[in-house]
Amino acid sequence: MSTASAKGEDQAAVETWSEALHHELRGLTPRQLARLPPDQTRLPAPSRRAGHAMGLERPKLFCRCLTPTLALTALLLLLLAQGCATTDQPLPDPHLLNFLREGQTKREDIALKFGPPSRTLEQERVLFYRLGQNRKGYFVREARYENWADVRHSLVLVLDEHGVLQKHSLVSVR
Amino acid sequence: MNRDLLRLIYSRWWQSVALAAALTAVTGCIVLPVPVNYHTHGSRKNLRSEDAQWLVRGQTTRKQVVLRLGEPDEIEDDGSSVVYRWEKIYLQVWIVFWSAGGRDDFGRDYALELAFDLHGTLTKHALLKSGFKIKPPSSLVVTNK
């Protein structure tokens, strides 16, 4: 009941505002109208609630470009996009292999630089790493990929009985 | 119908029948075989059938093999045998209907199997290849395990 009466008051306020504005400006020529400063061609506007009741104004909960439907769609897309986000792209390094020195580099240095190998042979005396490469340099690919897609090179490291690099080879597999 | 055309059809009746049969067979469907030669999307590309020739039984070592060919695709737990695998496509068959179409790829699987003794010396090797079979197009290949 109170809502209906409030709505009626709002509508009356808008009508009054509209009539007053029309009356004020009536009789003026277009040239006179053009000379008036902008603030004199407007009367104080009725309340925002009243304007909204007449369809003159959108609620301020969302800006004009962001309707509730659009906002909900954007929120839903953001939630769904979580599954597409990948964070495991390693940073390419053009000097990634420069530290390898046959007869000098130790197993620990290799593990610190490259992490766990994708495969090993001969009681971990032979280590294999899968490397990708782009214009910025090499990067180590994780071993979770079964095939050779996105892998450019196979790095083979042969260690001696003391865990020191004996031989190494960068084999292009793609 | 034009008399000349009828006369031509009667004079070459067997050619006309063949043409009519061919036109009937391809109604609404075009099958286009395209010979190609490439590796599949997830296959390694550093191996060829000729790569088995440098392997010498009793001489070549496991370390020499892996330093030259890279990481094997399969390794026995004790390292007594390793396998290198690759796949190639040799024929694409494009099938086009009125409003749809598709492609089938035909290719072969290859495997280079190598066995070593306790000292890591090559004892035997074999290059195996499968018969022609349909392979999923590259865009459908799932790369994750």
Side-chain angles (χ1 to χ4, degrees), chain A residues 83-89 97 100 102-103 105 107 110 114-133 138-161 163-174, chain B residues 38-48 51 54 60-89 105 107 109-122 135-145:
Chain A
C84 302
T86 55
T87 56
D88 63 342
Q89 183 66 32
L97 308 177
L100 293 172
E102 292 180 358
T105 309
R107 179 191 299 275
I110 296 167
F114 293 150
S118 57
R119 282 180 199 269
T120 62
L121 256 175
E122 299 184 4
Q123 292 81 44
E124 302 194 347
R125 295 262 297 272
V126 181
L127 311 177
F128 298 104
Y129 288 93
R130 297 182 176 194
L131 303 184
Q133 187 185 16
Y138 300 102
F139 50 89
V140 179
R141 297 294 299 178
E142 288 181 26
R144 63 190 167 98
Y145 297 101
E146 190 175 17
N147 60 34
W148 295 90
D150 304 326
V151 177
R152 187 68 68 86
H153 306 282
S154 172
L155 178 64
V156 186
L157 305 171
V158 179
L159 309 178
D160 63 14
E161 61 272 20
V164 177
L165 183 64
Q166 192 180 26
K167 281 184 180 177
H168 76 286
S169 169
L170 186 65
V171 181
S172 179
V173 295
R174 300 282 288 175
Chain B
Y38 64 90
H39 291 82
T40 58
H41 176 66
S43 169
R44 63 192 308 153
K45 299 178 180 176
N46 66 320
L47 282 160
R48 296 171 301 167
D51 283 332
W54 62 276
T60 309
T61 65
R62 184 165 41 213
K63 285 175 184 167
Q64 287 175 329
V65 170
V66 296
L67 283 167
R68 179 161 175 164
L69 300 182
E71 177 187 332
D73 295 86
E74 291 173 24
I75 301 176
E76 280 290 319
D77 288 340
D78 59 355
S80 60
S81 73
V82 299
V83 182
Y84 291 90
R85 297 189 182 281
W86 67 101
E87 300 176 10
K88 291 194 82 173
I89 302 293
D105 293 345
D109 294 338
Y110 293 87
L112 178 60
E113 295 184 353
L114 306 154
F116 301 93
D117 62 14
L118 290 175
H119 305 290
T121 308
L122 184 68
K135 295 192 166 292
S138 298
S139 57
L140 300 177
V141 171
V142 178
T143 55
N144 281 341
K145 269 187 181 177

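Of the atoms belonging to B:L69, it is backbone heavy atoms, and not side-chain ones, that fall under 4.5 Å from chain A. For a residue to count as touching a neighbouring chain, one of its non-hydrogen atoms must lie under 4.5 Å from one of that chain's; by this rule A:V156 touches chain B with backbone and side chain alike. Contacts of A:H153 with chain B are absent, with no heavy-atom separation under 4.5 Å from either backbone or side chain. Within the 4.5 angstrom heavy-atom criterion, atoms from both the backbone and the side chain of A:V173 approach chain B.
The existence of a salt bridge linking B:R44 and B:D73 is confirmed by a sub-4.0 Å separation between a basic side-chain nitrogen and an acidic carboxylate oxygen.
Put simply, the side chain of B:E87 never gets that close to the backbone of B:G107: no donor and acceptor are under 3.5 Å apart. Within the 3.5 Å criterion, the main-chain N or O of B:L122 finds no donor-acceptor partner in the side chain of B:T60.
Contact count versus chain A (heavy atoms, under 4.5 Å) is highest, among B:R85, B:K45, B:E71, B:K63, for B:E71.
In this structure, B:R62 satisfies the cation-pi test against B:F116, with its NZ or CZ atom closer than 6.0 Å to the six-membered ring centre and inside 45 degrees of the ring normal. For the pair A:R174 and A:W148, the cation does not sit on the ring face, since its NZ or CZ is not both under 6.0 Å from the ring centre and inside 45° of the axis.
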